[in-house]
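Written out below as structure tokens is the structure these notes cover.
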Amino acid sequence: MRYTTAVTLVLVGACALPAPLPPEAEFLVSAGDQTYWVRSDNSGLRIRGSPLILARTGGRYYEVYVGAIDRSFPRALFSGERVYRRDLATGDSAVIFDDTAIVAMAADYRRRHPRAPILGPEDDPDDIIEVSAVGETDILNVLGPYVALEHRLSIERGNDPGQDDTTRAVIDLRTGLPVALDSMLRDSTVHEAAGEGGLANRRWRHDGYDVISHYDSTNKANALAMRDRRGREWQLGLVASSYVQIFWLDKPRVDANTRSALARAFNDATTYGQRIQQVSGKKKRVKSPERKAAGRQT
């Protein structure tokens, strides 16, 4: 009886102990079309999400986004999508992938119909359309300095059967040039960004703690957690993307200017109104060349 009582007291005492605090940490999780800012200290664990597609190379952070182009005429509609990189520190944007097919078709039509007016954002086309060409570009994933894209082109000419084409490319955001897939896979920066292990189980090693990922077959998503050196884990949540990157902000500690630029990008992205590059609901007649407020990665 005395033995049973002692065991009961030990169990009650153990249940009363406070949960262990996570290690001090600060990092970004880039997962598909969402980026999460993770902070932990003696006050607990805090996570903030933003619809931001983030990349880093050469110590600089970039937002990757899609913008619409519309070069239409009363009887010819040409709309496409470019991919940009924006340096978060300077705010400067550059095209890393242009919808060259749409641009070339619009230029050719302009040469053959020099008197045709260009439609403004609020102008309506004629009832009879000679040609309609729509280009759509999706960001598939980002790893290190590389952006994988899919471009779809659909062309309709009068009563002729429609023409559709799909291409994929990997773009080096440092140069805006396409690279071969095997070259990207050999790049050490990609291995560092992608962590260790396979798609089902990954690990990003850091000073004092690691971030780990396990595939959750029930939810069909990747479960992320932070693990300290004693093997204790703190769950961070589920992400649907298989392409996860970790950007450390604590060791070495990110400078004040970079931190401010990241915070500004997080705030700006939350005002887009929808997820970056949301493909559903795209219209053939794109009236605004503004940045697409949202996106899809797969």
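- Hydrophobic clustering (ILVMFWY, side-chain heavy atoms < 4.5 Å, transitive): Leu177 and Val103 are in distinct clusters.
- Transitive grouping of hydrophobic side chains (ILVMFWY, heavy atoms separated by less than 4.5 Å) brings Met226 and Trp248 into a common cluster.
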Go through it in stages, so that I can follow the logic: the residues are Val29 and Val244, the test is side-chain contact (heavy atoms from CB on, under 4.5 Å), and I'd like the CA-CA distance, side-chain angles, deciding distance and then a yes or no. CA-CA 7 Å; Val29 178; Val244 177; 3.8 Å; yes

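- At distances below 3.5 Å, not a single donor-acceptor pair connects side-chain atoms of Thr35 with backbone N or O atoms of Ser50.
- Nearest heavy atoms, Ala133 versus Ile155: CB-CG1, 4.2 Å.
- Residues Val190 and Leu181 share a single hydrophobic cluster, defined by chaining ILVMFWY side chains whose heavy atoms lie under 4.5 Å apart.
- Annotation: the span from Arg110 atom CZ to Phe78 atom CZ amounts to 11.5 Å, rounded to 0.5 Å.
- Side-chain contact of Asp164 with Ser154: a donor-acceptor pair under 3.5 Å is present, judged by distance alone.
- Within a 6.0 Å sphere centred on CZ of Arg229, heavy atoms belonging to other residues, nucleotides or ligands number more than 12.
- Heavy atoms of other residues, nucleotides or ligands lying less than 6.0 angstrom from CG of Asp127 number 12 at most.
- Summarising the geometry, atom CG belonging to Leu143 is positioned 10.5 Å from atom CG belonging to Asp187; distances are rounded to the nearest 0.5 Å.
- Tyr215 is not connected to Ile212 by any chain of hydrophobic side-chain contacts under 4.5 Å among Ile, Leu, Val, Met, Phe, Trp and Tyr, and they are in different clusters.
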What's the verdict on side-chain contact (heavy atoms from CB on, under 4.5 Å) for Tyr65 and Ser93, showing C-alpha distance, side-chain angles and the deciding distance? CA-CA 10 Å; Tyr65 65 94; Ser93 292; 3.1 Å; yes

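- Of the possible donor and acceptor atoms, one in the side chain of Arg202 sits under 3.5 Å from a partner among the backbone N and O of Ala194.
- Residues Tyr36 and Gly49 come closest through the heavy atom pair CD2-CA, 3.7 Å.
- Separation of the Phe97 and Tyr84 ring centroids does not fall under the 6.0 Å cut-off.
- Contact of the Leu77 side chain with the Pro125 side chain is registered, since non-hydrogen atoms from C-beta on lie closer than 4.5 Å.
- Here the closest heavy-atom approach between residue Leu52 and residue Ala265 is recorded as CD2-CB, 4.2 Å.
- Between Gln245 and Val142 the shortest side-chain heavy-atom distance falls below 4.5 Å.
- A donor-acceptor pair under 3.5 Å is formed between the side chain of Asn267 and the backbone N or O of Ala263.
- Ion pairing between a basic and an acidic side chain is recognised when a charged N comes within 4.0 Å of a carboxylate O; Arg264 and Asp268 show no such pairing.
- Formation of a donor-acceptor pair under 3.5 Å by the Asp87 side chain with backbone atoms of Ala89 is found in this model.
- Checked against a 6.0 Å centroid threshold, the rings of Trp234 and Tyr209 do not count as neighbours.
- Considering only heavy atoms from C-beta on, Ile128 comes within 4.5 Å of Arg75 through its side chain.
- Once rounded to the nearest 0.5 Å, the distance linking CZ of Arg48 with OG1 of Thr270 reads 6.0 Å.
- Defined by atom type and a distance below 3.5 Å, a donor-acceptor pair is present between the side-chain atoms of Thr258 and Asp255.
- In this structure, the side chains of Leu119 and Pro74 come closer than 4.5 Å at one or more pairs of heavy atoms.
- Few gaps surround CD on Glu196; more than 12 heavy atoms of other groups in view lie less than 6.0 Å from it.
- Residues Leu88 and Leu262 have side chains in contact (heavy-atom distance under 4.5 Å, counting atoms from C-beta outward).
- Under the 4.0 Å criterion applied to side-chain N and carboxylate O atoms, Arg253 and Asp250 are not assigned as salt-bridge partners.
- Closest approach of Pro51 and Gln34 over heavy atoms only: CA-NE2, 3.3 Å.
- Residues His206 and Trp204 have side chains not in contact (no heavy-atom distance under 4.5 Å, counting atoms from C-beta outward).
- Asp210 pairs in a side chain to side chain donor-acceptor pair (under 3.5 Å) with only one of the listed residues (Arg227, Arg203, Arg205), which is Arg203.
- Under the side chain to side chain contact (heavy atoms under 4.5 Å, CB included) rule, Tyr146 has a single partner from Asp172, Leu185, Ile171, which is Asp172.
- Atom CG of Leu28 sits about 8.5 Å away from atom CD1 of Ile246, to the nearest 0.5 Å.
- Between the side chains of Asp41 and Ser43, a donor-acceptor pair is found at a separation under 3.5 Å.
- Taking every heavy atom of both residues into account, Met105 and Arg157 meet most closely at CE-NH2, 3.7 Å.
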Does Phe27 form a side-chain contact (heavy atoms from CB on, under 4.5 Å) with Val211? I'd like the steps, not just the answer. CA-CA 10 Å; Phe27 55 90; Val211 175; 3.7 Å; yes

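- Summarising the geometry of Ser72 relative to Asp70, their closest heavy-atom pair is OG-OD1, 2.6 Å, with the distance given to 0.1 Å.
- Note that CD of Glu136 is 5.0 Å distant from CZ of Arg152, once rounded to the nearest 0.5 Å.
- A donor-acceptor pair shorter than 3.5 Å can be found between the side chains of His151 and Asp99.
- A side-chain donor-acceptor contact under 3.5 Å links Asn222 to the backbone of Ser241.
- At least one donor-acceptor pair under 3.5 Å links the side chain of Thr137 to the backbone N or O of Glu81.
- A donor-acceptor contact under 3.5 angstrom links the side chains of Glu26 and Trp37, judged on distance only.
- Between atom CG of residue Asn141 and atom CD of residue Glu150 there is a gap of 11.5 Å, rounded to the nearest 0.5 Å.
- Salt-bridge check for Lys251 with Glu24: failed, with every basic side-chain N at 4.0 Å or more from each acidic carboxylate O.
- Using a 4.5 Å heavy-atom threshold, the side chains of Val131 and Glu156 count as separate.
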Walk me through whether Arg168 and Leu140 qualify under side-chain contact (heavy atoms from CB on, under 4.5 Å). CA-CA 9 Å; Arg168 289 190 174 188; Leu140 300 179; 3.7 Å; yes

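- Neither Ile47 nor Leu238 shares a network with the other; the hydrophobic side chains, linked directly or stepwise wherever heavy atoms of I, L, V, M, F, W or Y lie under 4.5 Å apart, form separate groups for each.
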